[in-house]
Amino acid sequence: MKIFNTMKKRKEEFVPIEAGKLKMYACGPTVYNYFHIGNARAFLFFDVVRRYFEFLGYDVTYVQNITDIEDKLIKQSQEEKLPVSKIAEKYIKAFLKDTKALGIKPADHLPRATEYINEMIKLIQKLEKKGFAYQVDGDVYFSVSDFKEYGKLSGKKIDELKTGARVDENKNKKHPADFTLWKKAKPQEPNWESPWGKGRPGWHTECVVMSRTLLGETFDIHGGGNDLIFPHHENEIAQAQASTGKALAKYWMHNGYLNIEGEKMSKSLNNFFTTRDILKKYDQETIRFFFLSKHYRSPIDFNEDILIESRKAVNGFYQLFKEVDYPHISSKHEYDEQQKDLKKKFIAAMDDDFNTAKAISYLFEILKLYRKLKDVNLIYLLIELGQSLGFFQNIEDRLQKNLNDISEELVKLLIDYRKQFKREKRWEWADRIRADLKEIGIQLRDTSEGTDWELQE
RNA sequence: GGCGACAUCGCCAAGUGGUAAGGCAAAGGUCUGCAAAAUCUUUAUCCCCGGUUCGAAUCCGGGUGUCGCCUCCA
């Protein structure tokens, strides 16, 4: 198994710290709003990493944090005129609901920042004691100049950051790249008591504390979106290593960004999509296929045409499941040599830094082969491999659901035909449609607006 | 200004030195009352220019173009 390690900027052989076990941490949501389709890529991808390791037989512990105290929550609380804690509750619920709708298996632990304030204070104190942190007027900063490896992950040099056009001027900071560990509370803001007065933790500290508490001082994989490399993960590394002298994580994985029709998604460009809205039109497997058909480290362009293609591609598999009358198919036997070989190829693709696009092509090969050979084992193979990517989690439901979705369309279609018959004064057919629908419990009602219908029970 | 990524068939996308996977779309054949599905067949020399090599989409140099990070962001 090879993984591209951002820290080394190349693929490395994956060797778990403890044989047979994977300890993984991926940055979760800041719960100030519904998460967007770009977030969905990261959440989905790390879901696949987790599932795939489980498929390989690893005992996986997966932690995903929830940032429930942060500037954006405070801002949102002012906009919605709700306390920060209510904002957090609201969007945590939405996060859980939407990730479930995406077919994402919940992480083993979903720790919240506000549950770890004391531990964060302890970490900051330790950094202070070791000379990596300093306090100015109730704020505490991490001194990047004192941590010589700073910039190791992102490949940035402290001096270049200084001359960069966009580093903010903060007179309290010794160095412009120094980052906040503890932020002094402004009036009306949520705050906690600390040795430096009332305030709240800076963003990067929570991940260090929660990951180490739940996974140990050094764990296997730390993941997140590309944009988190700098400064977030860089700052995590600085705090973690400064405090213990040990690496925080062995492998750093980052997924590429999502663009909307070639442009960065942003609210100001008016091309901002919440996952929740996308899910109204496209099912989770379509979205999953869309993301997994491209390598996770590449940028991906989001547009509806591609989603529609993805849906068609996924439907091909369900067409097959429908035809073979899943699940009424006989039980599986040993895979034969050809089937074992396909499985091997699939695994080889995934083992090469999660080449999901290639892996998916083998799913299509299996489908084609089944069409040819009608060997039911191929269906099992297809499902087994597909599930390691999160597909085919509930085949029966989906076959069923498609029918439900479509029945409403069918009624509308019949109403249209009846309208045409009425226009042509072919009353016998128009009436027959009305009568036949009533027979199966659907009552039509003509109004001046058009034709309504309702179910009669 | 600094750093980095990418450019492969109409569209999406694998492929990182050995002669271009897969999906969608399209065309034609089989099947079918007609359609749909299925099935068979067809469709690329890889942005441009140089170089290295027996051999390059794959390596090197130079262009051009697109995007990202350097500020909260997955």
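So that the names make sense, note that chain A is the first sequence line, chain B the second, and so on, each numbered from 1.
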TODO: Starting from P on B:G23, measure out to CG on A:Leu382 and report it in whole angstrom.
DONE: 13 Å
Task: Nucleotide nearest A:Lys156 when distance is taken to its side chain, options B:G2, B:C72, B:C24 - done: B:G2
Open item on the list: Nearest to the side chain of A:Glu365, heavy atoms from C-beta on, is which of B:A21, B:A37, B:A13?
Closed with: B:A21
Task: Closest to the A:Met265 side chain, choosing from B:A74, B:G2, B:C24 - done: B:A74
Please output the side-chain donor-acceptor pairs of residues 354-363 of chain A that fall under 3.5 Å, not counting sequence neighbours, one pair per line with the distance.
residue, atom, partner, partner atom, Å
A:Asn355, OD1, A:Lys358, N, 3.1
A:Thr356, OG1, A:Leu292, O, 2.7
A:Ser361, OG, A:Lys358, O, 2.6

- [ ] Pick base, sugar-phosphate or nothing for A:Lys322, based on heavy-atom distances below 4.0 Å to the nucleic acid.
- [x] nothing
TODO: Starting from P on B:U16, measure out to CZ on A:Arg10 and report it in whole angstrom.
DONE: 18 Å
TODO: Please state the C1' separation for the pair B:A44 and B:A7 - nearest whole angstrom.
DONE: 15 Å
Task: Nucleotide B:C24, atom C1' - distance to CZ of A:Arg311 in whole Å - done: 13 Å
Task: Residue-phosphate contact under 4.0 Å: A:Arg41 side-chain N/O, B:A74 OP1/OP2 - done: no
Task: Atom-pair distance (OH on A:Tyr296; C1' on B:A14), nearest Å - done: 16 Å
Task: P gap between B:C46 and B:C24, integer Å - done: 26 Å
Open item on the list: Using salt bridge (charged side-chain N to carboxylate O under 4.0 Å, His left out), reason through A:Lys90 and A:Glu80 one step at a time and then give a plain yes or no.
Closed with: CA-CA 11 Å; A:Lys90 176 177 172 184; A:Glu80 293 195 34; 3.0 Å; yes
- [ ] Give a yes/no answer on whether the side chain of A:Lys312 brings an N or O atom under 4.0 Å of OP1 or OP2 in B:C24.
- [x] no
Open item on the list: Taking the minimum atom-to-atom distance to the side chain of A:Thr30, which one of B:G23, B:A74, B:A38 wins?
Closed with: B:A74
- [ ] Quick one: label A:Asp301 by what it contacts on the DNA or RNA (base, sugar-phosphate, nothing), any heavy atom closer than 4.0 Å.
- [x] nothing
- [ ] Mind calculating the distance between NE2 (A:His254) and C1' (B:C6) to the nearest angstrom?
- [x] 19 Å
Task: Watson-Crick or G-U counterpart of B:U32, or none if no pair lies under 3.5 Å - done: none
Task: side chain to side chain contact (heavy atoms under 4.5 Å, CB included) between A:Phe4 and A:Asp352, intermediate numbers included - done: CA-CA 9 Å; A:Phe4 185 91; A:Asp352 182 16; over 6 Å; no
TODO: Report yes if at least one side-chain N or O of A:Asn355 is closer than 4.0 Å to OP1 or OP2 of B:G15; otherwise report no.
DONE: yes
- [ ] Grab the CZ-P distance between A:Phe289 and B:G23 for me, whole Å please.
- [x] 9 Å
- [ ] Look at all strands and tell whether A:His295 reaches a base, only sugar-phosphate, or nothing, counting heavy atoms closer than 4.0 Å.
- [x] sugar-phosphate
- [ ] Output the single nucleotide from B:A74, B:A38, B:C24 whose closest atom is nearest the side chain of A:Glu323.
- [x] B:A38
TODO: Remember a base hit wins even if backbone is also touched, and classify A:Asp305 as base, sugar-phosphate or nothing at under 4.0 Å, heavy atoms.
DONE: nothing
Task: Spacing of A:Ile278 atom CD1 and A:Glu304 atom CD [to the nearest 0.5 Å] - done: 6.5 Å
Task: Side chains of A:Glu234 and A:Ser154, donor plus acceptor under 3.5 Å - done: yes
TODO: Report the nucleotide, chosen from B:C12, B:A37, B:C72, that has the shortest atom-to-atom distance to any side-chain atom of A:Lys72.
DONE: B:C72
Open item on the list: Suppose we define a pair by two distances each less than 3.5 Å, Watson-Crick or G-U wobble; what does B:C67 pair with here?
Closed with: B:G4
Task: Aromatic plane relationship, A:Phe272 with A:His36 - under 30° parallel, 30 to 60° tilted, over 60° perpendicular - done: perpendicular
- [ ] Check the distance between B:A21's C1' and A:Leu342's CG and give it to me in whole angstrom.
- [x] 13 Å
Open item on the list: Roughly how many Å apart are B:A27 and B:A37, using the P atom of each and rounding to a whole number?
Closed with: 13 Å
TODO: Between B:U45 and B:C40, how far apart are the P atoms? Round to whole Å, please.
DONE: 25 Å
Task: Pairwise C1' distance for B:U52 and B:C59, with rounding to whole Å - done: 8 Å
Task: Sugar-phosphate, base or nothing in reach of A:Gly38, heavy atoms under 4.0 Å - done: base
- [ ] Could you please name the partner base of B:C54, counting Watson-Crick and G-U wobble pairs only when both distances are under 3.5 Å?
- [x] B:G18
Task: Pairwise C1' distance for B:G17 and B:C54, with rounding to whole Å - done: 12 Å
TODO: For A:Arg297, answer base if it contacts any base atom (sugar-phosphate contacts may also be present), sugar-phosphate if it contacts only those atoms, and nothing otherwise; contact means non-hydrogen atoms under 4.0 Å.
DONE: nothing
- [ ] For A:Phe364, answer base if it contacts any base atom (sugar-phosphate contacts may also be present), sugar-phosphate if it contacts only those atoms, and nothing otherwise; contact means non-hydrogen atoms under 4.0 Å.
- [x] sugar-phosphate
Open item on the list: Counting the atoms with a prime plus P, OP1 and OP2 as sugar-phosphate, which does A:Asn39 contact under 4.0 Å by heavy atoms, base, sugar-phosphate, or nothing?
Closed with: base
Task: ring-ring contact (aromatic ring centres under 6.0 Å, His included) partners of A:Phe35, counting only residues at least two apart - done: A:Phe43, A:Phe95
TODO: Using a 4.0 Å heavy-atom cut-off across all strands, classify A:Ile229 as base, sugar-phosphate, or nothing.
DONE: nothing
